[in-house]
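Chain A is the first sequence line, chain B the second, and so forth, proteins listed ahead of strands; every chain is numbered from 1.
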Protein chains: 2
Amino acid sequence: MQAQTSERPMKSAPTPSLRRMPMYLRCLYALRKTDVEWVSCTYLAEVLQKDPTLVRKDLAMTGIVGKPKVGFHVTGLVAAIEHFIGWDNLEDAFLAGVGNLGSALLGYEGFAQHGLNIVAGFDVDAEKVGTEVHGKRILHIDKLTDLAQRMHIGIGIVTVGARTAQAVADRMVAGGIRAIWNFAPVRLEMPPEIIVENEDLAGTLAVISRRLAGLNVETDERE
Amino acid sequence: MQAQTSERPMKSAPTPSLRRMPMYLRCLYALRKTDVEWVSCTYLAEVLQKDPTLVRKDLAMTGIVGKPKVGFHVTGLVAAIEHFIGWDNLEDAFLAGVGNLGSALLGYEGFAQHGLNIVAGFDVDAEKVGTEVHGKRILHIDKLTDLAQRMHIGIGIVTVGARTAQAVADRMVAGGIRAIWNFAPVRLEMPPEIIVENEDLAGTLAVISRRLAGLNVETDERE
DNA sequence: TAGATTGTTAATCGATTAACAATC
DNA sequence: TAGATTGTTAATCGATTAACAATC
């Protein structure tokens, strides 16, 4: 009872932990620009308003080991986190649906910073096909499946309307794409091995608007 | 021990439940277009791939009461959910930062559909100020605070860069805005009474990329 | 009536927080 | 050494799921 651990831990990490990783990274990038070499969980927790134990567990998940009384080496921690969330070796992506949102994402610098390379955009609109948007070529969507296969694309970003989203996602999967980042307001039916993440703007709006309405109660108290 | 309940329940609802509400609505809107008048939790649960009890609890939260064996009246349920999440009476919004993403959101039809009215966009760029983007006037950001106050704006959408996000959010709060929808990759320091929702693209990317890397393990098994 | 469905109470599960021992 | 900090085990908390009674 001790083998198998040697390389590749790769346990399934809790989603909330994964979502926090980029926050840690942002703090650490800032530290790296200064001459600070060591950082403690306590510090990160304070800056991010989290429980120190939570931070400690998150960091432990990456496999890094800290030094009591000292903390973690900033550079080492950055590398550990980036590796843990796969940002040191990220797959290429296709984006389908070059409307307002799609165009914006094609030009979003944050992606490039995090190593996400959107290789091309796809659309049905003849006006758009053949042009470039933020330096990315726009191709006809009929070419998506075949090209995805040939280029070994791993990630598909869906920014088409709700009606066409399922069909587009199907084409992506047919082309061997293994992860779908869905910005369309529909639930996609996908084979279980496909990773689907929904960017759920309507959900966030619901949270905001409910909370706002809740506040109103007190104001409305009398009358 | 029985008074006070009469009107306005307005208990604090769990965030996950709130996020699911728009999903239910989408199903219900579709049903409403057909001649289906009644719907069961069982049906909604099946379509959305959720546990039926979960759906039942979510719906109960809105205050609606169903009929055993029959279910819920579609129209009534739509109204109950929309009211519950405040979509029948949503506040106006300002958007700051008319870059790629900001412009896209100004033209996003999904918002209008859900009753979110973005009144105007704000930017520092002299080229943009005075123009219209997707039919919304773009004003100089110096006018934001004052106008927000005079127009009783409730929601501020932050689509500026990470560096200016805090300053912009501060101006919004100074103008009486009570909810901030933050698309910038920074943590905003806000007074506790302000509702802050972060649209965390980097977090989602981390989830996707970690999961993708995880899949690779099996492929890499030997070699 | 029988059976599908609602509504509610109890059990489970997972993530966060608290407590504490180990260490440089 | 003393004290800050790591790392781990136990307790808490909240959301989901299971079990079951109530009802038309």
Side-chain angles (χ1 to χ4, degrees), chain A residues 2 5 9 11-21 23-24 27-28 31 36-74 76-77 80-81 84-85 200 203 206-207 210-211, chain B residues 2 5 9 11-21 23-24 27-28 31 36-74 76-77 80-81 84-85 200 203 206-207 210-211:
Chain A
Q2 58 132 290
T5 318
K11 273 177 277 181
S12 73
T15 308
S17 297
L18 290 177
R19 292 194 162 278
R20 280 189 294 270
M21 294 297 170
M23 300 184 195
Y24 301 133
C27 284
L28 295 169
L31 284 177
V36 177
E37 272 196 77
W38 296 87
V39 63
S40 71
C41 290
T42 328
Y43 170 82
L44 287 174
E46 200 165 307
V47 173
L48 296 171
Q49 311 254 54
K50 302 283 174 200
D51 186 285
T53 308
L54 186 69
V55 176
R56 212 163 289 133
K57 283 204 166 170
D58 282 344
L59 300 192
M61 221 167 271
T62 68
I64 201 173
V65 182
K67 287 192 190 175
K69 197 184 169 184
V70 187
F72 300 83
H73 197 76
V74 172
L77 186 50
I81 296 177
F84 181 69
I85 60 180
D200 181 17
V207 174
R210 164 76 187 180
R211 297 264 163 76
Chain B
Q2 57 132 299
T5 318
K11 275 177 276 181
S12 71
T15 308
S17 298
L18 290 177
R19 291 194 163 276
R20 281 189 294 268
M21 294 297 170
M23 299 185 194
Y24 301 134
C27 284
L28 295 169
L31 286 177
V36 177
E37 272 195 76
W38 295 88
V39 63
S40 70
C41 291
T42 329
Y43 170 82
L44 287 174
E46 202 165 305
V47 173
L48 297 170
Q49 310 255 54
K50 302 285 173 195
D51 187 284
T53 307
L54 186 69
V55 176
R56 210 163 290 132
K57 283 204 166 169
D58 283 345
L59 301 192
M61 222 169 268
T62 67
I64 202 172
V65 182
K67 287 191 191 176
K69 197 185 168 181
V70 187
F72 300 82
H73 196 75
V74 172
L77 186 50
I81 296 177
F84 181 70
I85 60 181
D200 181 17
V207 173
R210 163 76 188 179
R211 298 265 162 77

Inset, instruction - Would you tell me if any nitrogen or oxygen in the side chain of A/Arg20 comes within less than 4.0 Å of OP1 or OP2 on C/dT16? - result: yes
Inset, instruction - May I ask you to verify if any side-chain N or O of B/Arg56 is less than 4.0 angstrom from the OP1 or OP2 atom of C/dG7? - result: no
Legend entry - Heavy-atom closest contact (B/Val65 atom, B/Phe72 atom, distance): C-CE2, 4.0 Å
Inset, instruction - Please report the closest heavy-atom contact between A/Ile64 and A/Leu59, naming both atoms and the distance. - result: CG2-O, 3.7 Å
Legend entry - Residue whose nearest DNA chain C nucleotide is more 5′ - A/Pro14 or B/Ser40: B/Ser40
Inset, instruction - Starting from the 5' end of DNA chain C, give me the residue, A/Lys67 or A/Ser17, whose nearest nucleotide shows up first. - result: A/Ser17
How long is the line joining [atom1] of [X] and [atom2] of [N], in whole Å?
{"X": "B/Leu48", "N": "D/dT16", "atom1": "CG", "atom2": "C1'", "value": "16 Å"}
{"X": "A/Gln49", "N": "C/dT16", "atom1": "CD", "atom2": "P", "value": "16 Å"}
{"X": "B/Asp51", "N": "D/dA19", "atom1": "CG", "atom2": "P", "value": "11 Å"}
{"X": "A/Trp38", "N": "D/dT6", "atom1": "CH2", "atom2": "C1'", "value": "13 Å"}
{"X": "A/Leu77", "N": "D/dT5", "atom1": "CG", "atom2": "P", "value": "15 Å"}
{"X": "A/Leu54", "N": "D/dG14", "atom1": "CG", "atom2": "P", "value": "15 Å"}
{"X": "B/Leu18", "N": "D/dA15", "atom1": "CG", "atom2": "C1'", "value": "13 Å"}
{"X": "B/Leu59", "N": "C/dT5", "atom1": "CG", "atom2": "P", "value": "14 Å"}

Inset, instruction - Measure the spacing between CG of B/Leu48 and SG of B/Cys41 and express it to the nearest 0.5 Å. - result: 11.0 Å
Inset, instruction - Nearest 0.5 Å please: distance from the CE atom of A/Met61 over to the CZ atom of A/Arg20. - result: 7.5 Å
Nearest to the [X] side chain among [options], which nucleotide is it?
{"X": "A/Val65", "options": "D/dT6, D/dG7, C/dT8", "result": "D/dG7"}
{"X": "B/Cys41", "options": "D/dT16, C/dT6, D/dA19", "result": "C/dT6"}
{"X": "A/Thr53", "options": "C/dT16, D/dA15, D/dT8", "result": "D/dT8"}
{"X": "A/Lys69", "options": "D/dA4, C/dT17, D/dT23", "result": "D/dA4"}

Inset, instruction - May I ask which nucleotide in the shown strands pairs with C/dC24, Watson-Crick or G-U wobble, both distances under 3.5 Å? - result: D/dG3
Legend entry - Counterpart base for C/dA18, defined by Watson-Crick or G-U wobble contacts under 3.5 Å: D/dT9
Inset, instruction - Find which nucleotide of DNA chain D each of B/Asp58 and A/Gly66 is nearest to by heavy atoms, and output the residue with the more 5' nucleotide. - result: A/Gly66
Legend entry - Polar side-chain contact A/Lys57-C/dT17 base: donor and acceptor under 3.5 Å: yes
Legend entry - Close side-chain approach of B/Tyr43 and B/Glu46, heavy atoms under 4.5 Å: no
